[in-house]
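As structure tokens, the structure follows; a few thoughts come after it.
No experiment lies behind these values; they were computed from the predicted model shown.
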Amino acid sequence: MITFVINEPPMGAVRMTQRGKWTKKNAQRYLAYKQMIGLIARKQFSEPLEGPIAVEIGFRYPFPKSWTKKTIERGARVSRTADDKT
């Protein structure tokens, strides 16, 4: 099994036009993020994988700063029980 770990928070795609990708800050940040992910992948995989491939993807998001300690404890408890079921 090959493990591919990226220690950066996931980022959603940004809507952009041909001109907008050069002028909007969010678009620039997203394109830099994509480039960084590609660079990490190329470092770990020198040549393309061949044959059937099974993929398991997991994301770990930080808790929002607006959450209270009680909400964070409840959220951590829920996420642990969800991880235990798989």
Side-chain angles (χ1 to χ4, degrees):
M1 180 201 271
I2 299 171
T3 303
F4 180 60
V5 177
I6 299 171
N7 289 322
E8 293 290 325
M11 180 179 186
V14 178
R15 289 186 58 143
M16 63 183 115
T17 61
Q18 288 295 322
R19 187 183 337 170
K21 72 179 179 180
W22 303 108
T23 59
K24 296 183 179 177
K25 282 187 176 182
N26 284 344
Q28 288 291 311
R29 196 174 53 152
Y30 173 68
L31 293 171
Y33 178 80
K34 276 180 48 174
Q35 193 173 29
M36 180 204 49
I37 299 297
L39 181 64
I40 293 171
R42 282 190 292 279
K43 281 183 181 177
Q44 288 192 4
F45 304 107
S46 57
E47 47 188 71
L49 302 173
E50 295 182 11
I53 298 172
V55 178
E56 183 177 316
I57 301 173
F59 295 97
R60 296 182 187 263
Y61 290 95
F63 292 112
K65 292 180 181 178
S66 61
W67 281 18
T68 63
K69 288 181 182 180
K70 185 177 180 181
T71 308
I72 290 174
E73 289 173 6
R74 190 177 335 133
R77 191 170 44 246
V78 169
S79 67
R80 271 194 299 258
T81 57
D83 288 342
D84 293 341
K85 290 179 184 177
T86 57

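Listed by chain and number, the residues in a side chain to side chain donor-acceptor pair (under 3.5 Å) with T68 are T71 (sequence neighbours excluded). Scored by the side-chain contact (heavy atoms from CB on, under 4.5 Å) test, I6 finds F4, E8, I37, I40 as partners (sequence neighbours excluded).
A heavy-atom distance below 4.5 Å is found between the side chains of N26 and R29.
When hydrophobic clusters are built by joining Ile, Leu, Val, Met, Phe, Trp and Tyr residues whose side-chain heavy atoms come closer than 4.5 Å, directly or via intermediates, I53 is grouped together with F45.
Note that the CZ atom of F63 and the NZ atom of K69 stand 14.0 Å from one another [nearest 0.5 Å].
For residues 30-45, the set of pairs meeting the side chain to side chain donor-acceptor pair (under 3.5 Å) definition, not counting sequence neighbours, is empty.
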